[in-house]
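Everything on this sheet refers to the single structure shown next.
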Amino acid sequence: MNKKVVSLIGTLIISLAACGPSAEQVATQTSAAATTTATSWTKTFTPTYTETPTLTPTLTNTTTPTETLTPSYTPTPTFTLGPTFALPVFTVKMQAHCRYGPAKAYLHAGDLYPGDTGQVWGVDKMGRAWLYVKLDKYKYPCYVAKSVIDVQGDLNTVVAAPPLYLPQSTLYGPVQRVNAKRIGNEVTVDWEKVWMTEDDDRGYFIEGWFCQGGAYFWSAVAIPNQFTTTYTFTDESGCPFPSSAMIYVVEKHGYTDPVDIPWPAP
């Protein structure tokens with residue numbers, strides 16, 4: 001290609017370039033075209049709201065239930081009552097004494113008058129001649145001779161009287177220097193005198209088990225005053241148990257501690 005043709009073509013290209021739109025126009029047009037294209041590509045999205053239902057949860061109670069204990073049943077025992085015995089009652093028929101023991105040798109515990117009443121609580125195990133009673137007018141029991149009362153009731157339903165509990169004296173001491181000597185079947189006991197005021201003085205008291213006619217029996221003896229300091233008993237051989245005795249000092253309030261008598265064997 002010759003130079004003229006080339007030159008002509010270059011001139012033509014420059015002329016065409018000069019006739020085209022400027023750079024600003026090209027930019028504006030490009031922006032507008034982009035906006036149009038974007039508008040055509042943009043879709044209007046209207047969200048569709050689907051309501052999710054509110055669920056009310058069903059609660060499962062996992063709490064361990066409180067155990068209600070059934071109470072253990074303890075059966076009430078059934079009592080079978082035995083026969084009921086009414087204690088014998090009595091009425092005093094003559095003036096007499098109620099005493100601390102089953103013999104006249106015991107101290108006076110209370111006065112008895114005709115018409116006095118009470119209950120029989122026990123019988124004298126030595127011979128049933130004395131009864132252990134509770135008079136309605138006294139708060140304490142005592143012994144009364146069966147011969148001075150009228151009993152209503154069966155004495156066979158009454159138990160033996162309890163052991164004696166003599167009232168205690170603390171004003172005087174027990175006897176001293178007690179001795180006993182045997183001559184054949186006679187045993188003589190002696191002791192040292194214990195001084196007491198005249199008002200208090202009730203002497204001495206000896207009780208024991210003795211043998212006579214092959215029988216072993218109990219006896220009680222009251223020595224009347226402090227000045228009598230000897231007493232003789234009849235005590236034989238031939239009984240299955242040895243004889244024995246005790247001596248007390250007695251004043252109006254009660255008895256001192258007893259002292260054993262050194263009883264000589266037959």
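It should be emphasised that the depicted structure is a prediction, and the values quoted were computed from it without experimental measurement.
Clustering ILVMFWY residues whenever any of their side-chain heavy atoms sit less than 4.5 angstrom apart, transitively, puts V249 in the very cluster that holds V178. Linking ILVMFWY side-chain heavy atoms closer than 4.5 Å, directly or via other members, places Y132 and F90 in two distinct hydrophobic clusters. The hydrophobic cluster containing Y255 does not contain I223, counting ILVMFWY residues as joined when their side-chain heavy atoms lie under 4.5 angstrom apart, directly or transitively. Hydrophobic clustering (side-chain heavy atoms under 4.5 Å, transitive across Ile, Leu, Val, Met, Phe, Trp, Tyr) groups M246 together with F205. Note: the hydrophobic cluster containing V175 also contains I261 (ILVMFWY, side chain heavy atoms under 4.5 Å, direct or indirect links).
In this structure, the side chains of H97 and D111 come closer than 4.5 Å at one or more pairs of heavy atoms. P102 is listed as a side-chain neighbour of L164, based on a closest heavy-atom distance under 4.5 Å. In this structure, the side chains of D235 and R182 come closer than 4.5 Å at one or more pairs of heavy atoms. Using a 4.5 Å cut-off on side-chain heavy atoms (C-beta onward), W263 and F210 make contact. Taking 4.5 Å as the limit, some side-chain heavy atom of K104 sits within range of a side-chain heavy atom of W130. Inter-residue side-chain proximity for I206 and I247 is flagged as met; some heavy-atom pair is nearer than 4.5 Å. Y106 has its side chain within reach of E207: a pair of non-hydrogen atoms, C-beta onward, lies under 4.5 Å apart.
If you take CD on Q168 and NE2 on H253, they are separated by 14.0 Å, rounding to the nearest 0.5 Å. Within the model, atoms SG of C142 and CG of L112 stand 6.5 Å from one another, a figure rounded to the nearest 0.5 Å. In this structure, CD on E251 lies 7.5 Å from OG1 on T170, to the nearest 0.5 angstrom. A distance of 11.5 Å separates OH of Y204 from OG1 of T230, quoted to the nearest 0.5 Å. Within the model, atoms OH of Y231 and CG of D190 stand 15.0 Å from one another, a figure rounded to the nearest 0.5 Å. Distance CG/L166 to CG/D257: 11.0 Å, rounded to 0.5 Å.
A donor-acceptor pair under 3.5 Å is absent between the side-chain atoms of Y172 and the main chain of D200, judged by distance alone. Looking at E236, its side chain does come within 3.5 Å of a backbone N or O of G213 through a donor-acceptor pair. With hydrogens and angles disregarded, a donor-acceptor distance shorter than 3.5 Å links the side chain of Q212 to the backbone of T234. At least one donor-acceptor pair closer than 3.5 Å links the side chain of Q226 to the backbone N or O of M196. Judged purely by atom type and a 3.5 angstrom limit, D116 uses its side chain to pair as donor or acceptor with the backbone of Y113.
Between P264 and A180 the shortest heavy-atom distance is CD-CB, 3.7 Å. Closest approach of A109 to Y140, counting heavy atoms only: O-OH, 2.5 Å. In plain terms, the two heavy atoms of Y143 and G101 that are nearest each other are CB-O, 3.4 Å. Nearest heavy-atom pair across S147 and K93 is O-CE, 3.0 Å. Contact record, P174 with V259: CB-CG2, 3.8 Å, taken as the closest heavy-atom pair. The minimum heavy-atom distance linking S237 with N185 is given by the pair N-OD1, 4.5 Å.
Ring geometry for Y216 against F241 counts as tilted: the plane angle lies between 30° and 60°, on a 0 to 90° scale.
For K252, the NZ atom sits in a packed shell: over 12 heavy atoms of surrounding residues, nucleotides or ligands are nearer than 6.0 Å. Taking a 6.0 Å sphere around CD of E192, one finds it holds more than 12 heavy atoms contributed by other residues, nucleotides or ligands. Within a 6.0 Å radius of OH in Y165, no more than 12 heavy atoms belonging to other residues, nucleotides or ligands are found.
Of the candidates T157, L155, V144, L87, V120 forms a side-chain contact (heavy atoms from CB on, under 4.5 Å) with just one, namely L155. Of the candidates L131, V133, V123, K146 forms a side-chain contact (heavy atoms from CB on, under 4.5 Å) with just one, namely L131.
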Give the C-alpha distance, both sets of side-chain angles, the deciding distance and a yes or no for side-chain contact (heavy atoms from CB on, under 4.5 Å) between V250 and L107.
-> CA-CA 9 Å; V250 188; L107 284 176; 3.8 Å; yes
Between T256 and S169, is a side chain to side chain donor-acceptor pair (under 3.5 Å) present by the stated rule, with each step listed?
-> CA-CA 5 Å; T256 65; S169 170; over 6 Å; no
